[in-house]
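Counting starts at 1 for both ligands and their atoms, following the listed order.
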Amino acid sequence: MKPLQVGLLGIGTVGSGTFKVLQRNQEEIRHRAGRGIEITMVADLDVARAKAVVGEGVKVVGDAREVIANPQIDIVIELIGGYGVAKTLVLEAIAAGKHVVTANKALLAVHGTEIFAAAHAKGVMVAFEAAVAGGIPIIKALREGLTANSIQWIAGIINGTTNFILSEMRDKGLDFDTVLKEAQRLGYAEADPTFDIEGVDAAHKATLMSAIAFGIPVQFDKAHVEGITKLAAQDIKYAEQLGYRIKLLGITKRSAKGIELRVHPALVPSKRLLANVEGAMNAVVVNGDAVGTTLYYGKGAGSEPTASAVIADLVDITRLHTADTEHRVPHLAFHPEAILANKGDLPIVPMSEVVTSYYLRLRVADEAGVLARVTSLLAEAGISIDAVLQREADEVGGEGSTQTDLIILTHDTREGTLDEVLARVQGLPSVLAPIVRIRKEELS
Ligand SMILES: NC(=O)c1ccc[n+]([C@@H]2O[C@H](COP(=O)([O-])OP(=O)(O)OC[C@H]3O[C@@H](n4cnc5c(N)ncnc54)[C@H](O)[C@@H]3O)[C@@H](O)[C@H]2O)c1
Ligand SMILES: N[C@@H](CCO)C(=O)O
Ligand code: NA
């Protein structure tokens, strides 16, 4: 049978990895897919650079629309990124009856409903394993391996750049900007790195996992998004002293009130596997009612790890595209119906209704009775305390200092309740600076 023809739009970090791995492992991939898969046409604005990657024998053009217009092309891979031209090109490829493979989580988290609906209407597939946790087959795990389960929660380190920054800052004492530059050099960071450091990229990925796990529409606009730019080195240090590590987590969770969808730094007990995921590695923990807790770990960014996921999608689509209707294996397909069916009974829960525990750091006057005043306000609101760490004033502010840090770990509480009581605590004359509050996730 003649090989399936693939058109590649954008041959940068992920695109060049995809081309190389597909070429290097072509025999094995052909056996597994039951048919050859060939990238026969590439579009990139930088035609010379693209030609240098693909060599002779592959047509390179500057205009992506030429690829979409080619009737020989069965599958279009979009590896340009962003919501702009990539959206137009993906919709045009679908309209032309091509299956689409993309690593573009930003595009799908924001415009997924429109794109999946268009694909559904046209009877083509949109596959996006590379969009979430790069090379880790998490989409496949959620869609296939865990399909028997009612998913309870998912929590993951799903942004390599920020995990790399947090690890390097902690282990090597490097400053934020130096480590971010290194993450950019290594090809981990997004074109706009504020997407990484402000939690937006992780929220795009959490949004996609949430839609698949809970059968809800992609709703990035309802996600709570907090990054790592406001984290202070001393909180990383205090957390360690209390037996925790701070990680940027993407969380989506079934609760009595609906679905939680949130990205923020969180204290994770040091003994948890997730706390020990270092550098640009990603890890996702999924809890299902039948299977319990499962963990998926690996490279979430980089050229060939991400290419691994892009090619897995190509193989899935090839198998389906090639099989006759009688032998189709529909579970391999991405089913947009699950996402398109708007389950109105599962709203995204506002943060004020989220229940979790907290790390609080208060800069206070070093005088008798402060701790008692703070804890009595918390107790009045029904917030119980798990642990308290009080620093020596000299250690915190130098010799003769009259200020100290009070660190409190709470038990579970409603966020809205905590907000109200913290406003009162902040008003105490002995509390000298804005209270630092970081959520704590036990992940058990
Ligand atoms: N880099 C990673 O580790 C990684 C991991 C997972 C997902 N992704 C996603 O993969 C996508 C690509 O990321 P990347 O890191 O390879 O980006 P990149 O910037 O390295 O590559 C993008 C390529 O697209 C080309 N391009 C831009 N506009 C174009 C247009 N109009 N027509 C044709 N080509 C055009 C650029 O010249 C460039 O070669 C993004 O959506 C990104 O979020 C990246
Ligand atoms: N910028 C992303 C790339 C992978 O999606 C990261 O750092 O994880
Ligand atoms: Na993946």
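- In this comparison of Thr88, Val67, Asp44, Leu108, the heavy atom closest to atom 33 (C) of ligand 1 sits on Asp44.
- Ligand 1 places these atoms under 4.0 Å from at least one heavy atom of Ala301: 3 (O).
- Other residues, nucleotides and ligands place more than 12 heavy atoms under 6.0 Å from the NZ atom of Lys2.
- Ion pairing between Lys440 and Glu442 holds under the 4.0 Å rule for side-chain N and carboxylate O.
- Of all atoms in ligand 2, numbered sequentially from 1 with element shown, those under 4.0 Å from a heavy atom of Gly300 are 4 (C), 5 (O).
- Near Glu190, with a cut-off below 4.0 Å to any heavy atom, the atoms of ligand 1 are 42 (C), 43 (O).
- Near Gly81, the atoms of ligand 1 lying under 4.0 angstrom from a non-hydrogen atom of the residue are 40 (C), 41 (O).
- With a 4.0 Å cut-off on non-hydrogen atoms, Asp63 does not touch ligand 1 at all.
- For the pair Leu248/Ile157, no side-chain contact is recorded, criterion being any heavy-atom separation below 4.5 Å from C-beta on.
- The Na ion (ligand 3) has an N, O or S atom of Gly134 closer than 3.0 Å.
- At distances below 3.5 Å, not a single donor-acceptor pair connects side-chain atoms of Thr356 with backbone N or O atoms of Arg439.
- No side-chain donor from either of Glu441 and Tyr244 sits under 3.5 Å from a side-chain acceptor of the other.
- Residue-ligand proximity, Gly12 to ligand 1, at heavy-atom distances under 4.0 Å covers atoms 16 (O), 20 (O), 21 (O), 23 (C), 39 (O).
- The side chain of Asp201, and not its backbone, has at least one atom closer than 4.0 Å to an atom of ligand 2 (non-hydrogen atoms only; side chain from C-beta on).
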Next item on the list: Output, in order, the C-alpha distance, side-chain angles, deciding distance and verdict of salt bridge (Lys or Arg N to Asp or Glu O under 4.0 Å) for Lys98 and Glu78.
Entry: CA-CA 12 Å; Lys98 321 275 189 208; Glu78 181 277 306; over 6 Å; no
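- Ligand 2 does not have Gly134 within reach: every non-hydrogen atom of the residue lies 4.0 Å or more from it.
- Between Val315 and Arg319 the shortest side-chain heavy-atom distance falls below 4.5 Å.
- Under a 4.0 Å N-O distance rule, the pair Glu114/Lys87 qualifies as a salt bridge.
- Pairing each heavy atom of Ala155 with each of Ile251, the nearest pair is CB-CG1, 4.1 Å.
- No hydrogens or angles considered: nothing links the side chains of Glu415 and Thr413 as a donor-acceptor pair under 3.5 Å.
- Close contacts of ligand 2 with Thr161, meaning ligand atoms under 4.0 Å from a residue heavy atom, involve 1 (N), 6 (C), 7 (O).
- Taking backbone and side chain together, Ile136 holds an N, O or S atom under 3.0 Å from the Na ion (ligand 3).
- For atom 7 (C) of ligand 1, the closest heavy atom belonging to the protein is Lys105 NZ, 3.3 Å.
- Shown in contact with Gly302 at under 4.0 Å from a heavy atom are these atoms of ligand 1, numbered in order with element: 2 (C), 3 (O).
- Comparing heavy-atom distances from atom 2 (C) of ligand 1 across Ala191, Ala43, Gly187 singles out Gly187 as nearest.
- The main-chain N or O of His411 is never found under 3.5 Å from a side-chain atom of Asp386 such that the two would form a donor-acceptor pair.
- Salt bridge annotation for Lys237-Glu240: absent, with no cationic side-chain nitrogen under 4.0 angstrom from a carboxylate oxygen.
- Glu304 and Lys20 are not joined by a salt bridge, as no carboxylate oxygen comes within less than 4.0 angstrom of a charged side-chain nitrogen.
- Atoms of ligand 2 found under 4.0 Å from any heavy atom of Gly160 (numbered from 1 in listed order, with element): 6 (C), 7 (O), 8 (O).
- Taking the charged nitrogens against the carboxylate oxygens, Arg143 and Glu129 have no contact shorter than 4.0 Å, which rules out a salt bridge.
- No side-chain donor-acceptor contact under 3.5 Å links Asn282 and Lys299.
- Listed by number with element, the atoms of ligand 2 under 4.0 Å from a non-hydrogen atom of Tyr188 are 1 (N), 2 (C), 3 (C), 6 (C), 7 (O).
- Annotation: atom 5 (O) of ligand 2 to nearest protein heavy atom, Lys105 NZ, 2.5 Å.
- By the 3.5 Å distance cut-off applied to N or O atoms, Asn282 is not counted among the residues near ligand 2.
- Proximity to Lys205 (heavy-atom distance under 4.0 Å) selects the following atoms of ligand 2: 2 (C), 4 (C), 5 (O), 6 (C), 8 (O).
- When non-hydrogen atoms are compared, ligand 2 lies under 4.0 Å from the backbone of Ala189 (N, CA, C, O) but not from its side chain.
- Under a 4.0 Å criterion applied to the non-hydrogen atoms of Glu190, ligand 2 contributes the atoms 1 (N), 2 (C), 3 (C).
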Item checked: Check against side-chain hydrogen bond (donor to acceptor under 3.5 Å, both in side chains), Thr102 and Asn104 -> CA-CA 5 Å; Thr102 179; Asn104 193 337; 4.7 Å; no
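- Below 4.0 Å from some heavy atom of Ala130 lie the following atoms of ligand 1, by number and element: 6 (C), 7 (C).
- Rounding to 10°, one obtains 120° for the angle at the Na ion (ligand 3) between O (Val132) and OE2 (Glu129).
- Inside a 4.0 Å radius of atom 17 (O) of ligand 1 there is not any protein heavy atom.
- Counting heavy-atom neighbours within 6.0 Å of Leu389 CG, excluding the residue itself, gives a total above 12.
- The closest protein non-hydrogen atom to atom 24 (O) of ligand 1 is Gly10 CA, 3.5 Å.
- Near Arg49, the atoms of ligand 1 lying under 4.0 angstrom from a non-hydrogen atom of the residue are 37 (O), 38 (C), 39 (O).
- Under 4.0 Å from ligand 1, the heavy atoms of Thr306 that appear belong solely to its side chain.
- Ring geometry, Phe195 versus Tyr83: the interplanar angle falls from 30° to 60°, so the pair is classed tilted.
- The protein non-hydrogen atom at the shortest distance from atom 20 (O) of ligand 1 is Thr13 N, 2.9 Å.
- Taking every non-hydrogen atom of Val85 and a distance limit under 4.0 Å, the qualifying atoms of ligand 1 come out as 31 (N).
- The atoms of ligand 2 that sit less than 4.0 Å from any heavy atom of Ala301 are 3 (C), 4 (C).
- When each atom of ligand 2 is checked for a heavy atom of Asp196 under 4.0 Å away, the hits are 1 (N), 2 (C), 6 (C), 7 (O).
- Checking Asn104, Leu45, Thr18, Leu79 against atom 35 (C) of ligand 1, the nearest heavy atom belongs to Leu45.
- Under 4.0 Å is where a charged nitrogen must lie from a carboxylate oxygen, and between Lys205 and Asp201 at least one such pair does.
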